[in-house]
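Presented below is the structure to which this report refers.
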Amino acid sequence: MTETPPKEFRVISNDDRVRQTDLTGKQPQLTVKAGGRHMTDAMNDVSQTSPGGDSVQLAFETVECTLRAENWFFETVRKELAKTADLSDFPTIMGSNGHDYLLHFTQFMFFLKALDCTDADQISNYIEAHNKRLGDMIADPSFTKSPKEYRKAIFRPERKAKILDTIRMLRAPVFAIYEYGHLLIDEMSPKTTEKLIEDLRHGNLLSRRIDDRITADQKRILIGSTGFLEDTYRTSLLMQRRMIAMTMSDQEFQKAKASAP
């Protein structure tokens with residue numbers, strides 16, 4: 001990204017009420033506003049009256065950097081999808097919540113690799129943690145979602161064994177479509193995950209994995225990543241880091257660096 005973030009705080013907004021979701025909406029038309037009776041003035045008032053005003057400004061700038069990086073990620077994926085078909089052919093990704101769905105799915109894939117949770121032993125631990133978390137949620141009297149749907153998302157021993165066998169054979173964290181849906185049930189419904197995967201397969205960002213050594217199971221359509229989503233997301237994080245650093249003074253940067261673990 002060649003654009004240098006400005007030093008002054010700027011509010012990214014969208015005047016198109018049909019697409020008021022800003023960075024998640026379909027074909028977002030972003031404009032930059034400054035001044036007026038908006039958040040800029042409110043932030044300046046705090047800066048002048050509060051000893052912590054500088055930290056408030058930095059917080060707003062950090063949010064802006066995060067939104068810019070996420071928007072770049074989404075736009076880059078859209079451009080890649082457009083190489084395959086018209087963007088209208090990807091209804092889940094281009095829907096009102098498409099940015100969030102895509103981001104959640106990509107983060108899942110990215111952090112499996114980033115945290116080195118890629119072999120059968122690590123995935124086994126991950127599934128056990130997933131099962132325990134869902135079990136605790138269902139047992140909570142204040143749980144408001146469908147217990148039936150969440151029970152389906154708990155991996156039984158036989159089902160878990162199939163997943164681990166697949167990972168051992170393919171030497172990668174590859175899951176069936178409905179398994180992705182259950183692993184991401186906190187972020188979106190399993191049906192939405194399936195539709196998202198259909199879009200990403202159509203755009204050649206996910207691909208079906210087949211291995212003759214794995215016993216045929218018509219219900220287990222294995223899906224793996226081509227790596228484009230994870231690589232693009234990693235780049236967006238690096239961009240975000242650089243933009244945030246550029247909003248800080250040398251003194252602030254050195255202070256943050258010294259306090260880092």
Side-chain angles (χ1 to χ4, degrees), residues 1-2 23-24 66-87 89-95 97-127 130 162-188 190 192-214 220-243:
M1 183 174 182
T2 57
L23 298 177
T24 66
T66 300
L67 293 175
R68 284 178 177 271
E70 287 186 1
N71 191 56
W72 177 87
F73 165 77
F74 189 47
E75 291 298 322
T76 302
V77 173
R78 283 159 51 95
K79 289 178 182 177
E80 189 69 16
L81 294 173
K83 295 178 181 178
T84 302
D86 189 273
L87 291 177
D89 287 353
F90 307 99
T92 303
I93 294 175
M94 300 307 300
N97 293 319
H99 182 284
D100 294 333
Y101 297 149
L102 178 62
L103 197 59
H104 293 320
F105 184 85
T106 300
Q107 287 172 337
F108 171 76
M109 302 293 287
F110 172 81
F111 283 111
L112 282 182
K113 293 183 179 179
L115 299 176
D116 200 27
C117 185
T118 55
D119 63 24
D121 290 338
Q122 294 294 335
I123 295 297
S124 176
N125 294 335
Y126 179 81
I127 290 175
H130 166 87
K162 286 185 177 181
I163 294 173
L164 299 184
D165 284 345
T166 298
I167 292 171
R168 291 188 186 99
M169 289 293 184
L170 299 181
R171 297 183 179 180
V174 175
F175 305 94
I177 294 177
Y178 64 90
E179 292 163 359
Y180 283 110
H182 288 157
L183 288 168
L184 289 164
I185 193 169
D186 279 351
E187 310 298 345
M188 57 191 122
T192 298
T193 303
E194 291 180 18
K195 292 179 179 179
L196 175 65
I197 289 175
E198 288 178 9
D199 280 3
L200 294 172
R201 285 183 66 192
H202 183 47
N204 296 322
L205 301 187
L206 297 178
S207 60
R208 184 170 182 178
R209 299 295 176 85
I210 300 175
D211 194 301
D212 294 335
R213 295 170 295 177
I214 301 175
R220 295 195 74 236
I221 300 177
L222 301 176
I223 299 295
S225 173
T226 63
F228 179 86
L229 291 175
E230 298 96 304
D231 291 344
T232 304
Y233 183 68
R234 180 175 63 248
T235 301
S236 75
L237 292 180
L238 293 172
M239 289 169 55
Q240 177 184 336
R241 179 183 179 184
R242 168 171 278 190
M243 285 189 291

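Heads up: numbering here begins at 1 and tracks the sequence.
With sequence neighbours excluded, the residues that form a side-chain hydrogen bond (donor to acceptor under 3.5 Å, both in side chains) with Asp86 are Ser88. For Asn204, the side chain to side chain contact (heavy atoms under 4.5 Å, CB included) partners two or more places apart in sequence, or in a different chain, are Thr84. Partners of His130 by side-chain hydrogen bond (donor to acceptor under 3.5 Å, both in side chains), not counting sequence neighbours: none found. Scored by the side-chain hydrogen bond (donor to acceptor under 3.5 Å, both in side chains) test, Thr192 finds Ser189 as partners (sequence neighbours excluded). For Glu80, the salt bridge (Lys or Arg N to Asp or Glu O under 4.0 Å) test picks out Lys83, with sequence neighbours left out. Taking Asp89 as the reference, nothing meets the salt bridge (Lys or Arg N to Asp or Glu O under 4.0 Å) condition, with sequence neighbours excluded. The salt bridge (Lys or Arg N to Asp or Glu O under 4.0 Å) test applied to Glu230 returns Lys113, not counting sequence neighbours. With sequence neighbours excluded, the residues satisfying side chain to side chain contact (heavy atoms under 4.5 Å, CB included) with Ala114 are Phe110, Phe111. Contacts of Phe108 classified as side chain to side chain contact (heavy atoms under 4.5 Å, CB included), with partners at least two apart in sequence or in another chain: Leu112, Tyr126, Phe175, Tyr180, Leu183, Leu184. Evaluation of the ring-ring contact (aromatic ring centres under 6.0 Å, His included) rule for His104 yields no partner, not counting sequence neighbours.
With rounding to the nearest 0.5 Å, the separation of CG in Leu102 from CG in Leu200 is 6.0 Å.
Here salt bridge (Lys or Arg N to Asp or Glu O under 4.0 Å) pairs that include residues 177-188, with residues two or more places apart or in two chains, are Arg133-Asp186, Glu179-Arg220.
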Contacts under 3.5 angstrom, residues 232-239 side chains, donor-acceptor by atom type, not counting sequence neighbours:
from, atom 1, to, atom 2, distance (Å)
Thr232, OG1, Phe228, O, 2.8
Tyr233, OH, Gln107, NE2, 3.0
Arg234, NH1, Asp231, OD1, 3.4
Arg234, NH2, Asp231, OD1, 3.1
Thr235, OG1, Asp231, O, 3.0
Ser236, OG, Tyr233, O, 2.6

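Residues Arg168 and Asp165 are paired through a salt bridge, judged by an N-O separation under 4.0 Å between the basic side chain and the carboxylate.
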